[in-house]
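Here's the structure, in structure tokens; my notes come after.
Chain A is the first sequence line, chain B the second, and so forth, proteins listed ahead of strands; every chain is numbered from 1.
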Amino acid sequence: MIVETRGLCKKFGSFYALKDIDFAIREGEIHGLVGENGAGKSTLIKILTGVYPKTSGEIFVSGKSVEIDSPVESRALGISVIHQDRNLIPSFSGVENVYLGMDTPKTHGISIDFKSMRKKIEAVMAQYGIDLPLEKMAKELSPSQKTMLEIVRAVMNNSKLLILDEPTASLTDKETDKLFSLIRQINSEGTAILYVSHRLEEIFELTERITVFKNGQLVDTVATSSVDQSGLIRMMTDNWISGKRDDEIHVNYGKKVFSVEHLSTEDGIVKDVSFTAHEGEIMGLFGLGGAGRTESLEAVYGLRARKSGTIIFEGKEIEKPTPSKCIKNGIILVHEDRRGHSLVISRSVKDNIVLSTIDKYVKHGIFDVKAERREASDKINQMNVLSQGQDQCVGELSGGNQQKVVFGRALMSAPKVFLCDEPTQAVDVKTRGEIHDLLRKCARDGSAVVYVTSDLKEMLEVADTITIISNGRTWEHLENKGLTSEQVLSYCYKER
Amino acid sequence: MEKKKTDMKAIVRAYGMIFALILIIVIFGALNPRAFLSSTNFWNITRQMAILCIISLGATLIMSVEEFDLSVGNIASFSGVLSALLAISGVPFFFALVISIILSAVVGFVNGFIVTRFRVMSFIVTLAMGQVIYGITYWLSDGAIVFNGIPESFKVLGTGKFGPVPYLTVLMVVAIIVFQYLMTRTAMGRKLYAIGGNEMASKVAGIKVKTYKTIAFTISGAMAGFAGVLLASRIGSASPTGGDAYMLNSYATIFIGKTLFREGIPNVLGTVVGVALFTILANGLTIMQVPTFVQNIVTGIIIVFAVVFQKMGSGKNE
């Protein structure tokens with residue numbers, strides 16, 4: 001075994017991100033790691049590469065028990081990782097990036113010997129048939145060139161284990177083929193590969209064995225030849241059926257209030273997204289990590305540059321959307337990033353609740369402080385926010401109560417359309433239920449809700465209909481009736 | 001016990017600078033009561049405060065949205081020279097004042113426009129803009145102090161009094177009231193503070209961040225221009241570098257003010273205390289006939305203390 005974990009646990013607060021993981025990678029194999037959003041794949045990688053400390057359990061590298069306290073130690077043990085968000089320094093050249101954190105050759109023991117560094121790198125590149133402009137800064141390279149550069153770095157580091165985390169997310173088919181042949185070549189020379197991806201066809205093409213994670217636990221490790229795609233998906237999910245709510249589901253939605261047609265963004269993450277929401281409908285937008293969910297909502301709200309696409313609200317197109325224009329029209333976004341994009345953490349509960357609607361308290365040039373306080377207090381009561389009063393700093397509240405403040409503000413502008421991105425993330429169970437009830441009630445009163453969550457179980461509980469998004473495009477639109485998580489996932493993993 | 005200890009720290013943090021202010025008054029009062037504690041000197045101090053205060057109030061707006069305007073000193077010099085030249089050429093004082101303020105506001109607007117439109121650092125943009133304005137001022141004045149032929153009417157606002165109360169003092173008090181109202185009792189003040197607290201969240205909440213930032217820069221420019229005219233009017237001449245020193249001092253007063261009342265947030269009353277502290281210190285040291293360079297040393301040390309105080313008290317920052 002090149003790398004092995006025994007009883008590995010990682011806790012965040014009282015929540016287990018990983019529980020009792022017994023996981024092993026054999027020498028010289030290509031090992032696939034799959035699992036739903038939040039199954040614990042990234043957490044495992046971060047522990048192996050020294051980004052997170054483990055809570056308990058043991059890690060063995062080449063049979064020896066080790067403590068990995070920092071990325072440097074991980075690298076010294078021969079573990080290299082190539083990340084989704086690439087870890088190159090944008091303003092450094094190829095040579096500088098490859099040698100980052102490694103000992104650099106010196107002339108006369110002082111000045112860095114760039115010539116010999118470059119020679120060594122070029123020798124490695126020649127060996128693998130890689131062609132890269134080493135003098136260019138990393139930020140000038142294409143996504144595929146960046147991946148190649150990281151691979152060169154990993155090889156130079158004499159890696160025993162190379163971890164690739166969604167390496168093909170931004171590559172074309174041709175670039176992917178090239179990457180795969182490179183991976184095979186590196187592997188044939190004795191480096192074990194851990195390949196993490198949502199793209200199951202890649203897992204099947206590349207790997208010898210596959211490990212499945214679910215809810216922070218290891219389900220099984222199987223030989224790739226012994227499973228097929230549907231078998232794998234079955235292992236990845238508890239098969240929830242959208243059961244209890246059949247009676248509650250709105251079948252007769254009202255008129256179409258909100259639709260997005262052929263949306264794409266400048267950065268290429270959103271390629272072709274269309275969806276529609278009706279009065280009374282909670283429309284779920286479901287996709288795997290990196291599918292473009294958040295980015296789509298941001299583009300709709302004017303927070304991300306659009307390339308094309310139309311946004312139609314109550315029959316009229318909203319041209320050049322901005323947050324303030326959307327709010328005026330009655331569209332509100334609850335952003336997934338609560339502390340960064342929703343709350344002004346240093347300000348009071350009241351200030352945060354009235355943030356979107358400050359202007360309405362100005363009458364004849366005079367600011368009506370009493371009305372402001374009264375309405376803030378109404379919302380605090382309505383949302384049942386636990387605080388020491390409206391003047392308490394919002395940063396002192398619990399996550400759940402902070403999110404209630406965010407919803408309190410959303411309600412202030414009496415929206416017709418709610419765009420909710422992971423609204424129950426890092427929120428306690430009770431608040432989560434309250435948020436669901438609130439949205440359900442708003443829908444009943446005639447609003448439309450677009451709901452994004454990575455938690456498929458939650459999605460099946462909440463949504464009336466589900467639109468599948470993958471790889472920046474929307475696909476099937478499903479009625480959430482007797483739908484199973486397996487069905488939804490198989491649409492997400494479908495090869496297109 | 002633990003609770004009490006943190007309370008003490010909080011009090012030191014919140015009111016430390018006010019204690020310092022009282023301490024300074026007590027010391028100077030004890031050392032030279034006749035000169036320092038006279039009513040003449042009181043009004044004198046308030047008059048000395050006025051110009052720094054008016055620049056600092058404008059800059060407080062900029063700081064509240066987490067930006068900098070380092071051109072305020074240069075704008076004040078420019079505005080002083082411009083108004084003096086206009087007055088010499090026969091333009092009535094009122095119009096010279098208005099034209100200078102408007103042009104200063106335009107400079108502020110351009111600062112704000114560049115910073116928000118191109119998303120560049122205000123620090124460097126306004127520093128560069130300050131150089132441009134300095135060049136223009138130099139060009140206008142031929143690099144010399146403008147004083148020949150300034151009419152007496154130009155000096156009224158800067159030197160006149162209602163009884164014992166200087167006009168400058170009255171203007172300062174009015175400005176303080178207006179800015180305090182603006183920052184605490186208007187939608188705009190709320191929005192500026194929200195932007196300063198979290199620009200992204202404010203944008204998502206529908207606040208027009210760029211517009212309000214640009215307004216803050218424009219007001220800051222106008223206030224610097226106003227102060228520049230008052231300075232020229234008080235001295236009766238206009239130097240092409242006359243207002244430059246106010247830039248650093250105004251930011252120092254805001255930093256001192258940030259430690260007061262609302263922890264870590266620029267606020268009008270805090271700025272006023274900062275201005276008072278600065279001015280009283282300078283006044284007292286001058287009365288004691290302490291050389292100017294010692295004044296620099298003392299004020300510098302006080303600014304450092306103010307910043308350290310604030311960090312020291314708030315355990316959150318550690």
Side-chain angles (χ1 to χ4, degrees), chain A residues 297-298 301-304 321-348 350-363 365-370 372 391 393-396 402 405-406 409-410 412-413 415 419 421, chain B residues 3 6 10 13-14 63-66 116-119 177-215 258-259 261-268 270 310-311 313-317:
Chain A
L297 295 190
E298 283 187 348
Y301 212 58
L303 291 172
R304 189 173 282 267
T322 62
S324 64
K325 213 188 261 184
C326 285
I327 291 170
K328 265 193 207 110
N329 274 299
I331 303 164
I332 195 112
L333 172 73
V334 174
H335 200 278
E336 62 160 353
D337 174 13
R338 190 162 58 224
R339 292 179 75 91
H341 283 69
S342 292
L343 292 172
V344 185
I345 275 309
S346 57
R347 308 292 297 177
S348 69
K350 176 204 73 187
D351 285 355
N352 274 285
I353 288 180
V354 301
L355 198 58
S356 294
T357 45
I358 304 174
D359 284 325
K360 78 174 199 189
Y361 304 110
V362 182
K363 295 209 174 78
I366 305 289
F367 192 82
D368 188 347
V369 180
K370 274 187 195 150
E372 180 200 24
D391 295 317
C393 175
V394 82
E396 292 168 15
Q402 287 183 359
V405 170
V406 174
R409 178 207 300 163
M412 288 292 278
S413 54
L419 308 173
D421 194 359
Chain B
K3 185 95 205 290
T6 48
R13 187 170 70 239
M63 287 284 286
S64 74
V65 292
E66 296 273 294
T116 56
R117 176 72 177 75
F118 303 104
R119 295 178 197 179
I177 292 168
V178 169
F179 271 73
Q180 175 67 3
Y181 183 79
L182 179 75
M183 289 310 276
T184 59
R185 289 293 163 123
T186 66
M188 179 170 149
R190 302 292 167 97
K191 289 179 184 177
L192 293 179
Y193 277 136
I195 292 168
N198 185 341
E199 187 175 331
M200 199 60 209
S202 303
K203 188 177 166 189
V204 174
I207 291 174
K208 291 177 174 150
V209 172
K210 289 181 182 180
T211 309
Y212 281 96
K213 276 194 172 179
T214 309
I215 292 173
K258 271 175 78 168
T259 66
F261 308 118
R262 309 190 66 139
E263 186 192 325
I265 299 169
N267 63 92
V268 169
Q310 193 196 352
K311 274 282 177 205
S314 54
K316 285 177 235 161
N317 295 342

Chain B contact via A/Ile366 - side chain, backbone, both or neither, heavy atoms under 4.5 Å
both
Bottom line for A/Leu343: the part with an atom under 4.5 Å from chain B's heavy atoms is backbone
Can you sort out the partners of A/Pro321 under side-chain contact (heavy atoms from CB on, under 4.5 Å), two or more places apart, ordered by chain and number?
A/Arg306, A/Ile311, A/Ile318, A/Cys326
Pair count under 4.5 Å, heavy atoms only, with chain A: among B/Arg190, B/Glu199, B/Arg185, highest is B/Arg190
Give a yes or no answer on whether the side chain of B/Asn198 reaches the backbone of B/Ala194 with a donor-acceptor pair at less than 3.5 Å.
no
Does the A/Asp368 side chain pair with the main chain of A/Tyr361, one donor and one acceptor, at a distance under 3.5 Å?
no
Structural part of B/Lys208 lying under 4.5 Å from a heavy atom of chain A
side chain
For A/Asp337, all residues meeting salt bridge (Lys or Arg N to Asp or Glu O under 4.0 Å), sequence neighbours excluded:
none
Assess whether side-chain contact (heavy atoms from CB on, under 4.5 Å) is satisfied between B/Glu66 and B/Lys213, documenting all intermediate values.
CA-CA 9 Å; B/Glu66 296 273 294; B/Lys213 276 194 172 179; over 6 Å; no
Please rank B/Gly197, B/Ser202, B/Ala205 by heavy-atom pairs under 4.5 Å with chain A and give me the top one.
B/Ala205
Top residue by heavy-atom pair count (under 4.5 Å) with chain B, among A/Gly302, A/Ser346, A/Ser342?
A/Ser342
Against chain B, label A/Tyr301 side chain, backbone, both or neither, depending on which of its atoms sit under 4.5 Å from a heavy atom there.
side chain
Just so I understand: if I count every heavy-atom pair under 4.5 Å between each of A/Lys325, A/Arg339, A/Glu372, A/Arg338 and chain B, which residue has the most?
A/Glu372
Please report the closest heavy-atom contact between B/Val204 and A/Leu333, naming both atoms and the distance.
CG1-O, 4.4 Å
